[in-house]
Student: 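Have a look at this one before I ask anything.
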Amino acid sequence: MDTSFTAFNKPKVELHVHLDASIRPETVLHFARKKNLRFPWYNNRESLLSSAVCSQAGNLTEFLSKFDFYMPAVVGDREAVKRIAYEFVETKAKEGVVYVEVRYNPHLFANSKVDPLQFGQKEGDLTPDEVVQLINQGLKQGEKDFHIKVRSILCCLRHLPGWSSEIVELCKRYQGDTVVAIDLAGDEGLKSETSLGHLQAYEEAVRSGIHRTVHAGEAGPASVVREAVDLLKAERIGHGYHCVEDPNLYQRLLHLGVHFEMCPWSSYITGACDPDFTKHPLIKLKQDGANYSINSDGPLPMGASLQTDYNIAKTYMGFTEDDFMRMNINAAHSSFLHEEEKRQLLHTLYKAYGMN
């Protein structure tokens with residue numbers, strides 16, 4: 001994919017990007033050396049990228065395997081966790097993003113009070129709660145230094161419903177301290193929308209005023225999107241490509257104004273959609289006046305950036321500058337900011353777009 005041009009130079013809003021998929025290669029190498037990890041992919045930047053970046057499109061299994069190459073270098077390390085968050089904000093500022101919601105599962109970075117431990121870690125003393133504190137510190141320092149607004153979303157994982165009750169409690173504890181929402185990610189084939197752990201967590205989120213988004217209809221069928229909206233009361237849908245295959249559901253979501261967090265390059269890498277971008281569901285959403293945003297999802301393992309997705313939309317999907325402006329305004333409206341902050345964000349966009 002050609003990334004030599006920039007499709008849209010004005011301020012942007014990004015609502016769907018994973019922190020653990022946005023780590024700088026240099027940061028991975030630094031902490032691999034600190035931990036004295038001796039694997040060939042930690043020899044240099046080129047070796048790391050050849051192992052950690054997907055080599056082919058349409059292979060979800062390969063994409064999911066990439067985290068095993070680089071996450072061991074940073075998990076369980078307080079300095080690494082805070083630095084990753086801070087550097088993420090710097091990267092987004094350089095991409096022209098003025099507001100971003102970044103998501104992650106705190107248990108994946110922790111090595112204490114986690115069962116099962118991930119990425120071959122040994123028991124330590126970094127808990128999921130402290131992970132959230134460290135990431136909040138990094139995000140807030142980044143906000144101050146790079147002059148953009150950042151909020152976070154905590155992810156439940158479909159294959160680990162036992163973690164979800166703690167995730168929603170962390171959302172409640174840090175609500176107003178960067179955390180604005182709960183998410184559910186992972187293998188849609190697990191039918192986990194009906195899993196008691198996830199369902200109870202989302203019911204508690206509704207009671208507690210925690211916003212809700214769900215990965216659905218990415219690799220899974222339209223029925224997963226229906227369950228996300230009807231059972232989990234999702235306000236936004238991560239990806240959602242396959243909902244267009246159920247015309248009745250699609251029309252209902254259009255009528256409700258449900259926001260779709262679209263990630264074109266990601267859908268190509270994971271095989272979620274037809275590899276021909278001229279047939280991508282995003283085109284139909286644009287034509288139908290749907291509520292959606294364009295997002296990068298997982299820059300490191302996908303070997304891309306937010307610019308990649310904007311270039312795809314312009315080159316293959318006919319997006320104009322007006323389309324990009326309208327889409328970013330919709331993203332701001334659908335953000336999980338408090339209403340006053342949302343008005344400020346919209347004012348920033350209107351002014352930058354000459355729409356005052």
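None of these values were measured; they are calculated from a predicted model.
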Student: Considering residues at least two apart in sequence or located in another chain, which fulfil the side-chain contact (heavy atoms from CB on, under 4.5 Å) criterion with Asp115?
Tutor: none
Student: Can Tyr174 and Gln133 be counted as having a side-chain donor-acceptor contact under 3.5 angstrom?
Tutor: yes
Student: Specify whether Phe336 and His211 have parallel, tilted or perpendicular ring planes, treating 30° as the upper limit for parallel and 60° as the lower limit for perpendicular.
Tutor: parallel
Student: Closest heavy-atom contact between Tyr202 and Thr213?
Tutor: OH-O, 2.8 Å
Student: Identify the heavy atoms of Phe260 and Leu253 that sit nearest to each other, and give their distance.
Tutor: CZ-CD1, 3.8 Å
Student: Does a side-chain N-to-carboxylate-O contact under 4.0 Å join Glu235 and Arg212?
Tutor: yes
Student: Show the nearest heavy-atom pair for residues Lys342 and His333, with the distance to one decimal.
Tutor: NZ-O, 2.9 Å
Student: How are the rings of His18 and His215 set to each other: parallel, tilted or perpendicular (split at 30° and 60°)?
Tutor: tilted
Student: Under 3.5 Å, side chain of His242 to main-chain N/O of Glu218, donor-acceptor pair present?
Tutor: yes
Student: Could you tell me the separation between the CG atom of Leu231 and the NE2 atom of His198, rounded to the nearest 0.5 Å?
Tutor: 12.5 Å
Student: Residues two or more places apart in sequence or in another chain: which of them pass side-chain contact (heavy atoms from CB on, under 4.5 Å) with Arg33?
Tutor: Leu29
Student: Tell me every residue that passes side-chain hydrogen bond (donor to acceptor under 3.5 Å, both in side chains) with Ser208, counting only those two or more places apart in sequence or in another chain.
Tutor: Glu204
Student: Testing the basics here: between Cys171 and Ile182, what is the closest heavy-atom pair and its distance to 0.1 Å?
Tutor: SG-CB, 4.0 Å
Student: Under 3.5 Å, is there a donor-acceptor pair between the His239 and Ser267 side chains?
Tutor: no
